[in-house]
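Here is the structure we will look at.
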Amino acid sequence: MLKVSVLVSGGGTNLQAIIDRVADGKITNTEIVKVISNKKGAYALERAQKRNIPALALSKKDFGDSDEWENRLIEELDGAGTDLIVLAGFLAILSEKFTKHYENRIINIHPSLIPSFCGAGYYGLKVHEEALKKGVKVTGATVHYVNEGIDSGKIISQKAVYVQDGDTPETLQRRVMEQAEWILLPQAIDDIANNRI
Ligand code: GAR
């Protein structure tokens with residue numbers, strides 16, 4: 001059994017997709033052992049609690065500095081026996097110390113086709129705003145390993161999604177989630193759990 005911990009910051013629709021695919025058997029050999037949000041009151045925490053998955057909020061603000069915050073994160077993750085950390089809409093930056101501690105054991109979903117619209121400042125709706133501003137006709141999502149850089153780790157999988165006339169950042173975000181993110185991220189976890197990657 002691959003023990004997975006999911007880090008979140010917001011609504012948690014990607015977390016929900018993972019929970020649902022474990023429940024319906026599309027992700028096998030996997031147990032979600034912990035969900036941690038860096039934002040108190042994130043709806044993702046409720047999604048976890050509804051399925052009896054241990055969930056908690058650890059806000060950087062409640063710690064002396066980032067280092068103390070990360071130490072507590074590591075304590076929680078290691079305490080749960082985490083094999084793989086999944087960043088599912090986790091919008092805080094992790095230090096090199098943290099990413100080295102879990103080398104090749106952290107994956108992230110990003111809502112564009114990396115190397116487009118990624119790096120510092122590109123997160124959430126902002127990514128789709130920039131894609132529409134640029135006028136690209138195709139965008140998508142990427143699952144990648146997390147290293148010390150921002151969105152710079154090895155790419156695991158990508159899926160393209162068409163931009164449509166009249167798209168707003170919100171409609172585009174929704175289509176990228178439905179057609180790419182909610183499929184790619186569970187698939188990557190299943191592939192890792194079953195030693196296909
Ligand atoms: C998702 O679109 C995810 O790809 C994005 O935030 C959203 C979270 O939604 N992540 C990033 O932008 C990371 N740089 P969710 O909370 O409903 O899963």
Side-chain angles (χ1 to χ4, degrees), residues 1-110 123 143-154 156 181-182 184-197:
M1 277 288 205
L2 184 79
K3 292 188 173 175
V4 172
S5 289
V6 186
L7 303 189
V8 296
S9 300
T13 64
N14 278 286
L15 168 67
Q16 191 67 54
I18 299 166
I19 291 174
D20 291 346
R21 295 296 78 78
V22 170
D24 69 16
K26 297 249 169 59
I27 299 178
T28 58
N29 295 321
T30 298
E31 184 189 357
I32 306 170
V33 292
K34 187 143 272 185
V35 171
I36 303 176
S37 169
N38 68 321
K39 294 257 183 303
K40 286 178 189 154
Y43 185 62
L45 291 170
E46 279 181 48
R47 295 183 191 267
Q49 281 152 0
K50 272 186 198 152
R51 303 295 185 104
N52 297 317
I53 300 165
L56 77 157
L58 293 177
S59 168
K60 258 190 210 184
K61 282 178 278 175
D62 296 337
F63 294 82
D65 56 25
S66 284
D67 204 46
E68 280 180 30
W69 171 71
E70 279 189 346
N71 286 341
R72 179 65 195 286
L73 264 184
I74 291 173
E75 221 175 274
E76 291 289 342
L77 294 165
D78 286 352
T82 305
D83 299 310
L84 178 73
I85 298 171
V86 177
L87 309 186
F90 184 66
L91 304 181
I93 303 293
L94 296 163
S95 74
E96 183 166 357
K97 184 189 106 181
F98 186 97
T99 56
K100 282 259 153 61
H101 184 79
Y102 296 107
E103 195 148 31
N104 293 318
R105 296 202 289 139
I106 314 174
I107 64 172
N108 178 48
I109 179 89
H110 183 78
Y123 58 87
V143 178
H144 63 92
Y145 286 106
V146 175
N147 62 12
E148 67 285 355
I150 302 176
D151 300 329
S152 59
K154 191 174 185 292
I156 295 171
E181 297 187 44
W182 300 340
L184 281 188
L185 190 55
Q187 226 164 45
I189 295 168
D190 187 52
D191 284 342
I192 291 169
N194 291 285
N195 298 314
R196 286 189 295 268
I197 49 175

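Side-chain atoms are counted along with the backbone in the values below, which use heavy atoms only and exclude waters and symmetry mates. Numbering starts at 1 and runs along the sequence shown.
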Close side-chain approach of [X] to [Y], heavy-atom, < 4.5 Å:
{"X": "Ile53", "Y": "Val33", "value": "no"}
{"X": "Tyr102", "Y": "Asp78", "value": "yes"}
{"X": "Gln16", "Y": "Arg51", "value": "yes"}
{"X": "Val86", "Y": "Ile107", "value": "yes"}

If you measure from [atom1] on [X] to [atom2] on [Y], what distance do you get to the nearest 0.5 Å?
{"X": "Leu2", "Y": "Arg105", "atom1": "CG", "atom2": "CZ", "result": "10.0 Å"}
{"X": "Lys100", "Y": "Glu148", "atom1": "NZ", "atom2": "CD", "result": "5.0 Å"}
{"X": "Ile85", "Y": "Leu94", "atom1": "CD1", "atom2": "CG", "result": "8.0 Å"}
{"X": "Asn108", "Y": "Phe90", "atom1": "CG", "atom2": "CZ", "result": "10.0 Å"}
{"X": "Asp191", "Y": "Ile197", "atom1": "CG", "atom2": "CD1", "result": "5.0 Å"}
{"X": "Asn52", "Y": "Gln49", "atom1": "CG", "atom2": "CD", "result": "9.5 Å"}

Testing the 3.5 Å rule here: is there a donor-acceptor pair between the side chains of [X] and [Y]?
{"X": "Asp190", "Y": "Thr28", "result": "yes"}
{"X": "Asn71", "Y": "Lys97", "result": "yes"}
{"X": "Ser59", "Y": "Asn38", "result": "no"}
{"X": "Asp151", "Y": "Tyr123", "result": "no"}

Electrostatic pair Lys26-Asp20, nearest N-O below 4.0 angstrom: no
Ion pair check, Glu68 and Arg72, cut-off under 4.0 Å: no
Can you see which heavy atom on [X] is nearest to which on [Y], and at what distance?
{"X": "Gly10", "Y": "Ala42", "value": "O-CB, 3.6 Å"}
{"X": "Leu77", "Y": "Phe98", "value": "CD1-CZ, 3.7 Å"}
{"X": "Ala92", "Y": "Ser9", "value": "N-OG, 4.4 Å"}
{"X": "Arg21", "Y": "Pro186", "value": "CG-CB, 3.6 Å"}
{"X": "Ile109", "Y": "Ala88", "value": "CG2-CA, 4.1 Å"}
{"X": "Ile93", "Y": "Trp69", "value": "O-CZ3, 4.3 Å"}

side-chain contact (heavy atoms from CB on, under 4.5 Å) between Trp182 and Asn14, intermediate numbers included: CA-CA 6 Å; Trp182 300 340; Asn14 278 286; 3.5 Å; yes
Check against side-chain contact (heavy atoms from CB on, under 4.5 Å), Glu76 and Lys34: CA-CA 8 Å; Glu76 291 289 342; Lys34 187 143 272 185; 2.9 Å; yes
Check: Lys3 main-chain N/O paired with Asp83 side-chain donor or acceptor under 3.5 Å: yes
Short side-chain to backbone donor-acceptor contact, Glu31 and Val4, under 3.5 Å: no
Criterion salt bridge (Lys or Arg N to Asp or Glu O under 4.0 Å) on Lys60 and Asp65, from CA distance to verdict: CA-CA 7 Å; Lys60 258 190 210 184; Asp65 56 25; over 6 Å; no
Residue from [options] passing side chain to side chain contact (heavy atoms under 4.5 Å, CB included) with [X]:
{"X": "Ser5", "options": "Thr82, Leu73, Val35, Ile32", "answer": "Thr82"}
{"X": "Asn194", "options": "Ile27, Thr30, Asn29", "answer": "Asn29"}
{"X": "Gln187", "options": "Leu184, Leu185, Ile189", "answer": "Leu184"}

Chi angles and distances behind the side-chain contact (heavy atoms from CB on, under 4.5 Å) call for Lys40, Lys61: CA-CA 11 Å; Lys40 286 178 189 154; Lys61 282 178 278 175; over 6 Å; no
CA sep, side-chain torsions, deciding dist, call: Val8, Lys39, side-chain contact (heavy atoms from CB on, under 4.5 Å): CA-CA 8 Å; Val8 296; Lys39 294 257 183 303; over 6 Å; no
